[in-house]
Amino acid sequence: MRLQNGPLSFVVNFLLGVAWAAVFLGAITSFLSFYHDSFLYAIISAFIGALPGMVAVLLLEHVITAKERHLELQKQTALLEKLLMQKETDSLQ
């Protein structure tokens, strides 16, 4: 739970948990479905079964990172504007 503010953060964090559950569920069910044929085939199918969940995790992590970057840039912009105002008031005096 990295994002802490707002309903969008709740939805993104919830979907991230769902995506991780999809990774584990896809890997385990695929592995158990093909375990009786071959162990190597079962491992390969587990990886393939986990891929959709892994893609979802990757996309949601990208959303989280982009939102964190946006919030950090907002903080930096506010600080830079404050410094600019201070510089302008100091140069006028």
Side-chain angles (χ1 to χ4, degrees):
M1 304 257 298
R2 293 181 356 210
L3 295 177
Q4 298 297 328
N5 52 352
L8 177 64
S9 300
F10 174 76
V11 171
V12 170
N13 286 323
F14 177 76
L15 290 176
L16 187 60
V18 170
W20 276 112
V23 168
F24 292 125
L25 189 62
I28 290 171
T29 56
S30 296
F31 181 82
L32 293 177
S33 295
F34 296 104
Y35 180 68
H36 55 78
D37 293 337
S38 167
F39 186 71
L40 180 62
Y41 189 58
I43 290 177
I44 292 170
S45 66
F47 178 73
I48 292 172
L51 275 178
M54 293 168 96
V55 169
V57 167
L58 182 67
L59 290 174
L60 288 167
E61 287 291 336
H62 176 70
V63 167
I64 290 171
T65 304
K67 184 158 174 64
E68 286 177 343
R69 185 179 327 126
H70 177 70
L71 292 173
E72 188 63 33
L73 285 174
Q74 283 182 333
K75 290 177 189 176
Q76 289 177 6
T77 302
L79 287 172
L80 287 172
E81 287 175 351
K82 184 178 176 182
L83 286 173
L84 182 63
M85 291 293 196
Q86 284 180 352
K87 185 176 180 181
E88 288 175 354
T89 57
D90 288 345
S91 66
L92 292 176
Q93 294 176 359

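Atoms considered below: every heavy atom in the structure, side chains included; atoms not considered: hydrogens, waters and symmetry mates.
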inquiry  = Nearest 0.5 Å, please: how far is CG in Leu79 from CG in Leu84?
reply    = 12.5 Å

request  = List for me each residue that meets side chain to side chain contact (heavy atoms under 4.5 Å, CB included) alongside Ala19, sequence neighbours excluded, and say none if there are none.
outcome  = Ala56, Val57, Leu60

task = Begin with the C-alpha distance, continue with both residues' side-chain angles, and end with the deciding distance and a verdict on side chain to side chain contact (heavy atoms under 4.5 Å, CB included) for Leu15 and Val11.
result = CA-CA 6 Å; Leu15 290 176; Val11 171; 3.9 Å; yes

key: Shortest non-hydrogen contact between Val23 and Met54, atoms and distance   = CG2-N, 3.3 Å

ask   = So if you build clusters from Ile, Leu, Val, Met, Phe, Trp, Tyr with side-chain heavy-atom gaps below 4.5 Å, do Trp20 and Leu25 land together?
value = no

inquiry  = Is there a path of hydrophobic side-chain contacts, each under 4.5 Å between heavy atoms, that joins Leu8 and Val63?
reply    = yes

inquiry  = Looking at every non-hydrogen atom in both residues, tell me the closest pair between Ala50 and Ala27 and how far apart they are.
reply    = CB-CB, 3.9 Å

query = How far apart are the C-alpha atoms of Leu83 and Gln86, what are their side-chain angles, what is the distance that settles it, and do they pass the side chain to side chain contact (heavy atoms under 4.5 Å, CB included) test?
reply = CA-CA 5 Å; Leu83 286 173; Gln86 284 180 352; 3.9 Å; yes

task = Determine the interplanar angle of the Tyr35 and Phe31 rings, folded into 0 to 90°, and report it as parallel if under 30°, tilted if 30 to 60°, perpendicular if over 60°.
result = tilted

key: Atom pair CG (Leu58) and CD (Glu61), whose distance is rounded to the nearest 0.5 Å   = 8.5 Å

message = I'd like to check the ring pair (Phe, Tyr, Trp, His ring centres under 6.0 Å) partners of Phe47; sequence neighbours left out, ordered by chain and number.
response = none

key: Minimal non-hydrogen separation, His36 against Ser33, with atom names   = NE2-O, 3.0 Å

query = Going only through I, L, V, M, F, W and Y residues with side-chain contacts under 4.5 Å, is there a path from Leu51 to Phe24?
reply = yes

task = Give a yes or no on whether Ile28 and Ile43 share a hydrophobic cluster (residues Ile, Leu, Val, Met, Phe, Trp, Tyr; joining criterion: side-chain heavy atoms under 4.5 Å apart).
result = yes

remark   = So CG of Leu73 and CZ of Arg69: to nearest 0.5 Å the spacing works out to 7.5 Å

key: Ile44 side chain reached by Ile48 side chain, heavy atoms, under 4.5 Å   = yes

ask   = What's the spacing between Thr29 OG1 and Phe34 CZ if we round to 0.5 Å?
value = 9.5 Å

inquiry  = Once rounded to the nearest 0.5 Å, what's the spacing between atom CG of Asp90 and atom CE of Met85?
reply    = 13.0 Å

key: side-chain hydrogen bond (donor to acceptor under 3.5 Å, both in side chains) partners for His70, two or more places apart   = Gln74

